[in-house]
Amino acid sequence: MKTLNVILSAAAACVLLAGAAQADQLQDIKARGKLVCGTLGTSQPFSYQDPKTREIIGYDVAVCGAIAKSLGVPMELKAISVDARIPELTQGRVDILAANLGWTKARSEQIDYSYSYFVSQQKILVRRDSGITTLEQLKGQKISAVKGSSSEQGVKREIPNAQTLTYQDGSASFLALQQGKVNGFCASELVLVKLKEQTDGSANPVDIVKKSLFVEPWGLGIRKGEPAFLKHVNDTLVKMEQSGEAARVFEEWFGPATAYKLERDFKIEEIKG
Amino acid sequence: MTPRFDLATVLSGEYLARYVTGFITTMELAVAAWILAFLLAVLLTVVRMAPFKPADWAVAAFVEYHRNVPLLIQILLWYFGVPELLPNSARMWINQQNSEFFFALVAIGLCFSAYMSEDLRSGIRSIPGTQYEAARALAFGYFRSMYYVILPQALRVSGPPLINQTLFLFKNTSLAMAIGVAELTYQAKEIESYTFKTFEAFFVATAVYLTISLGIMLLGDHAARRSQIDAR
């Protein structure tokens with residue numbers, strides 16, 4: 001009984017702490033003189049460590065930097081794990097998330113999403129010797145994905161009877177594909193392009209199924225109940241779109257000069273559920 | 001603004017169903033691994049006590065490997081490593097089966113058989129040799145001496161540590177999520193990533209683990225008291 005009491009009061013304490021009142025965040029950030037931006041730091045080319053300078057750079061970092069600039073304060077980057085994204089935000093340890101944050105309805109009930117600043121094509125990687133070329137052929141098959149990713153949720157939604165197996169990270173999910181434990185690996189196209197390149201010419205080449213499984217808008221994550229800050233972020237993103245800066249940043253990280261050679265086929269806009 | 005602590009969401013509809021299937025998988029894995037571990041532990045103990053040195057060394061090596069390598073690594077090795085040693089057709093066949101569950105079961109079962117065999121062995125060694133001599137003097141043979149005199153006492157001594165191992169085994173089934181076994185922790189994590197209700201999702205899992213663990217402890221206590229010899 002004593003144990004139970006301790007647990008319950010600890011739980012209650014957490015709840016109370018989380019509920020502590022906050023002033024307007026936009027004012028707070030300006031008064032504090034810096035914008036703390038949570039980012040993954042392990043997700044090339046969104047946020048990753050530059051091997052030369054050891055600094056975290058990337059598309060997510062550039063977008064967050066633009067928000068900081070619009071506020072007239074310097075940006076402080078905080079590297080966080082996929083799992084820790086939402087707690088770090090809701091507990092106030094970061095002001096904003098630029099961390100591969102795919103929009104889903106359930107998630108949008110916990111945090112606010114800015115307008116989408118990236119749209120991810122979610123595709124499926126298969127072994128070339130499997131002969132799979134269409135999504136239809138993957139019906140009822142085992143498909144791997146990273147644990148907790150929206151790719152996994154997408155597979156369940158889009159492919160009837162597919163069984164998803166989730167692993168801790170992308171490399172384990174890919175290993176499972178190569179070893180034949182699964183027939184497909186679902187992830188963002190950007191991740192898959194790299195893996196395909198690496199295995200071209202090896203004994204075990206892989207291919208990407210052409211048709212996207214689904215597209216996923218990504219937004220910046222902001223705590224609920226901060227309308228002024230959210231509006232400022234959205235206004236800034238819209239300005240970036242209008243001035244052409246958004247397209248320029250995209251080009252810098254995904255354009256013809258990069259390994260990805262992507263076309264920008266989206267515009268910054270409100271995410272509609 | 002959503003409520004701060006809202007168990008209703010994670011305990012409704014699809015999410016509740018996830019907890020239930022996760023719980024069932026956890027229990028299946030725990031019970032199956034426990035049976036494997038216990039039977040193997042008895043075998044290991046018998047082999048180790050046989051008067052044949054190399055058998056002793058082999059069991060000792062088995063035990064030290066399983067005690068000194070993290071269980072997570074053992075699980076990953078079984079799942080990603082061992083099938084690669086098999087011929088291609090066998091490997092493909094295994095992959096079509098529910099191999100995640102199978103390899104998790106084998107890894108956890110083997111690991112805890114090592115611990116349990118040590119508990120059993122300590123129990124047997126705690127019984128003074130004179131007990132065995134007395135049994136022999138009463139014209140019991142080796143097996144009957146073990147069965148009627150040594151083992152009943154040894155098992156009583158081994159009881160509490162075995163309950164402890166059972167608890168550890170039960171909790172460590174959560175590591176099976178690393179290879180995609182959809183047990184309770186896996187499902188709690190899924191629910192967390194669907195809803196972003198971190199605290200609530202793990203709170204429920206915590207409550208379930210705690211309930212079962214306390215249940216095992218109470219049962220163990222009860223059994224220990226029942227098998228106690230009345231003090232003179």
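In the text below, chain A, chain B and the rest are named by the order of the sequence lines, each starting its count at 1. Reckoned from all heavy atoms, side chains included, excluding hydrogens, waters and symmetry mates. As the structure is a computational prediction, the values presented were derived from the model and not from experiment.
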Query raised in the report: When you measure from the side chain of Q179(A) to the backbone N and O of F80(B), does any donor-acceptor pair fall under 3.5 Å?
Result: yes

Report task. Taking R107(A) for its side chain and S193(B) for its backbone only, find out whether a donor-acceptor pair lies under 3.5 Å. Result -> yes

About how many Å separate [atom2] of [Y] and [atom1] of [X], when rounded to the nearest 0.5 Å?
{"X": "F196(B)", "Y": "L89(A)", "atom1": "CZ", "atom2": "CG", "result": "10.0 Å"}
{"X": "E100(B)", "Y": "Y167(A)", "atom1": "CD", "atom2": "OH", "result": "5.5 Å"}
{"X": "L175(A)", "Y": "E84(B)", "atom1": "CG", "atom2": "CD", "result": "7.5 Å"}
{"X": "T198(B)", "Y": "E88(A)", "atom1": "OG1", "atom2": "CD", "result": "11.0 Å"}

Please state whether the side chain, the backbone, both or neither of [X] comes within less than 4.5 Å of a heavy atom of chain B.
{"X": "L165(A)", "result": "both"}
{"X": "T166(A)", "result": "both"}
{"X": "K142(A)", "result": "side chain"}

Assess whether atom [atom1] of [X] is packed by more than 12 heavy atoms of other residues, nucleotides or ligands within 6.0 Å.
{"X": "F168(B)", "atom1": "CZ", "answer": "no"}
{"X": "M217(B)", "atom1": "CE", "answer": "no"}
{"X": "K156(A)", "atom1": "NZ", "answer": "yes"}
{"X": "F62(B)", "atom1": "CZ", "answer": "yes"}

Query raised in the report: Tell me, side chain or backbone of Y186(B) under 4.5 Å from chain A's heavy atoms, or both, or neither?
Result: side chain

Report summary line: Between N95(B) and K181(A), the two heavy atoms sitting closest are OD1-CG, 3.5 Å

Query raised in the report: Between Q163(A), Q168(A), E152(A), which has the largest tally of heavy atom pairs under 4.5 Å with chain B?
Result: E152(A)

Requested in this report: Please say whether the positively charged group of K105(A), taken as NZ for Lys or CZ for Arg, lies over the ring of Y194(B), i.e. under 6.0 angstrom from the six-membered ring centre and within 45 degrees of the axis.
Outcome: no

Query raised in the report: Heavy atoms, side chains only, cut-off 4.5 Å: are K147(A) and E190(B) in contact?
Result: yes

